[in-house]
Amino acid sequence: MYRLIRPLLFRLNAERAHTWSVRAARLLQHADGSVLNALYAYQDERLEQTIWGRTWPNPVGLAAGADKNGVALRYWHGIGFGHVEVGSVSAQPCSGNTRPRAFRLPDDEALINRMGLNNDGAEAVAERLKQYTDASGTPQGIVGVNLAKTHDPSIMGAAGRADFCTSFRQLAPHATYVALNVSCPNTESGKTFESPDALDALLDDIFEVRRELALDVPVLVKLSPLLTEHVVFDSALDTLIDIAQDHGVHGYIASNTTPDRHGLQTDRDRLEAIGRGGLSGPPLHARSTQLIRYLYHTTGGGVPIIGVGGVDSAETAFAKIQAGASLVQLYTALVYHGPALIKSIKQGLVRLLDTHGFDSIQDAVGTDPALKRFA
Ligand SMILES: Cc1cc2nc3c(=O)[nH]c(=O)nc-3n(C[C@H](O)[C@H](O)[C@H](O)COP(=O)(O)O)c2cc1C
């Protein structure tokens, strides 16, 4: 069906098409659940895992940015995602960068965006997440919340950390996990929390609030991709991982989009006309997968990794799982292939488990022979 809708959506600019898609998702989530079920349901116990004390029905999740404000949670779970990451959400509402700020690269099945952290703000999103929890306050499906600093260059240093903590207080009680987006490439100041001192101070503050609220919510850090898939040693990254591990972070998300443009089929003039922004989709796959390997090796597989960047098939999802990811996410592939992709990835994963002789996803995590290159 998406094959029929896609040409119409692609006549709109990328952001408008996305806005309309999310509007449709918001409406469809109130329709009789059996319709979505009939189209998209697929469950196999080999895809299930227990992570951070919760059962994840399958490893395929919706990446941050697709539903920043958590308006269509029931729909995303209805089309078969095992988890949904809402956000990035910031303490204050934000309209983001000026438009146009999202672009399709059909020759690469990729996107470039410089949205600039547009979102409704922590208070409004927390209200929505509250509606999605059961009587005990547990989200009805698995919902992660991705937090970022309010996109305002005057909010820096301690004020930036306080901004993160405000969002954490409001949103963490309603989330299965919290991801700290320290790697957004689209802030005006270009500054992120991906430097050792900034990350150290941020994690100090976040873990302090977590203790104060007596929450056992897992805290994850979302990192930038490597600039090449050939990296086997990166001392700056090692420092960041050391800091995160010392604070006891519960996992990593690898990775965010990249400002780098190498290896694209898209014409140079078109790229120049688009300008700056984070690249996502297949061109990111190898670089984010190498980051997963790096993290898995460096942490000794001690904490779960969510792999994201160019997942568009069972094969690309499985490559990330073998590199060390327990879970994967996607966004760009949904734009190019539509919701039926999720079921086909899950079916394909079960086939790949069979082919490789694994009993479950958990058994396949970190089995990539390329991991030996780090040893
Ligand atoms: C339009 C757009 C907006 C995004 N917004 C966010 C965001 O707000 N926070 C975040 O952590 N990642 C954001 N991302 C990055 C995705 O979560 C993901 O890391 C990246 O797109 C790679 O996955 P993909 O290749 O499956 O798209 C965004 C991506 C796109 C394409």
Side-chain angles (χ1 to χ4, degrees), residues 63-70 85-98 101 113-126 128-129 144-175 177-210 212-213 215 217-225 236 239-240 243-244 247 249-259 276-278 280 306 308:
D67 187 0
K68 288 174 185 271
N69 297 310
E85 189 168 310
V86 166
S88 291
V89 188
S90 52
Q92 296 169 33
C94 184
S95 56
N97 292 325
T98 50
R101 53 193 183 176
N113 91 85
R114 50 171 177 272
M115 301 302 289
L117 298 169
N118 55 310
N119 75 96
D120 291 349
E123 195 180 335
V125 177
R128 273 183 212 121
L129 295 193
V145 176
N146 176 308
L147 308 182
K149 180 184 82 66
T150 300
H151 185 195
D152 173 347
S154 71
I155 304 175
M156 292 303 292
R161 299 197 298 276
D163 191 272
F164 259 106
C165 289
T166 300
S167 306
F168 187 89
R169 279 176 199 283
Q170 287 181 311
L171 290 156
H174 316 298
Y177 70 87
V178 173
L180 303 176
N181 178 6
V182 296
S183 50
C184 179
N186 295 320
T187 51
E188 231 154 66
S189 56
K191 296 227 167 65
T192 72
F193 278 81
E194 226 174 3
S195 70
D197 290 348
L199 182 66
D200 194 27
L202 175 65
L203 290 174
D204 261 342
D205 291 2
I206 288 287
F207 274 90
E208 179 63 39
V209 177
R210 183 176 175 271
E212 190 191 304
L213 300 177
L215 289 175
V217 64
V219 175
L220 281 65
V221 175
K222 183 166 180 178
L223 296 169
S224 297
T239 308
L240 291 182
I243 290 167
H247 281 277
V249 301
H250 302 88
Y252 297 90
I253 304 186
S255 68
N256 218 316
T257 55
T258 179
R276 69 186 178 88
S280 58
I306 301 181
V308 52

key: Shortest non-hydrogen contact between Lys149 and Ile155, atoms and distance   = NZ-O, 2.8 Å
key: Closest contact, heavy atoms only, Asn118 versus Arg101   = ND2-NH2, 3.9 Å
task = For side chain to side chain contact (heavy atoms under 4.5 Å, CB included), just list the numbers for Asn181 and Leu147, CA-CA rounded to whole Å, side-chain angles, deciding distance to a tenth of an Å, and then say yes or no.
result = CA-CA 6 Å; Asn181 178 6; Leu147 308 182; over 6 Å; no
remark   = side-chain hydrogen bond (donor to acceptor under 3.5 Å, both in side chains) filter on Ser154, not counting sequence neighbours, yields Asp152
Donor-acceptor contact present, side-chain Thr258 to main-chain Pro225, <3.5 Å = no
inquiry  = Check whether Arg128 reaches the backbone of Asn69 with its side chain - one donor and one acceptor, N or O, closer than 3.5 Å.
reply    = yes
remark   = Scanning both residues in full, the closest heavy-atom pair of Asn146 with Ala64 reads ND2-CB, 3.5 Å
request  = Given salt bridge (charged side-chain N to carboxylate O under 4.0 Å, His left out), test Lys68 with Asp120 step by step and report yes or no.
outcome  = CA-CA 8 Å; Lys68 288 174 185 271; Asp120 291 349; over 6 Å; no
request  = Apply the test side chain to side chain contact (heavy atoms under 4.5 Å, CB included) to residues Glu194 and Leu240: give CA-CA distance (whole Å), side-chain angles for both, the deciding distance (0.1 Å), then the verdict.
outcome  = CA-CA 8 Å; Glu194 226 174 3; Leu240 291 182; 3.8 Å; yes
ask   = If you take all heavy atoms of Tyr177 and Val217, which pair is closest and at what distance?
value = CA-CG2, 3.7 Å
Closest non-hydrogen atom pair between Ala172 and Leu215, with its separation = CB-CD1, 3.7 Å
query = Counting distance only, does the side-chain N/O of His151 pair as donor-acceptor with the main-chain N or O of Gly116 below 3.5 Å?
reply = yes
task = With side chain to side chain contact (heavy atoms under 4.5 Å, CB included) as the test, would you mind laying out the steps for Leu223 and Ile253 before giving the verdict?
result = CA-CA 6 Å; Leu223 296 169; Ile253 304 186; over 6 Å; no
request  = May I have the step-by-step check of side chain to side chain contact (heavy atoms under 4.5 Å, CB included) for Phe207 and Val249, ending in yes or no?
outcome  = CA-CA 9 Å; Phe207 274 90; Val249 301; 4.2 Å; yes
inquiry  = Does this structure show an ion pair linking Asp204 with Arg161, if we count only N-O contacts that are shorter than 4.0 Å?
reply    = no
ask   = Looking only at heavy atoms, what is the nearest atom pair of Gly70 and Asp67, with distance?
value = N-OD1, 3.0 Å
ask   = Taking only residues two or more places apart in sequence, or in another chain, which ones meet Glu123 in a side-chain hydrogen bond (donor to acceptor under 3.5 Å, both in side chains)?
value = none
message = Quick check for you: to the nearest 0.5 Å, what is the distance between Cys165 atom SG and Arg210 atom CZ?
response = 13.0 Å
ask   = Excluding sequence neighbours, so at least two apart, what forms side-chain hydrogen bond (donor to acceptor under 3.5 Å, both in side chains) with Asn119?
value = Ser90
key: CG on Asn256 to OG on Ser88, rounded to 0.5 Å   = 7.5 Å
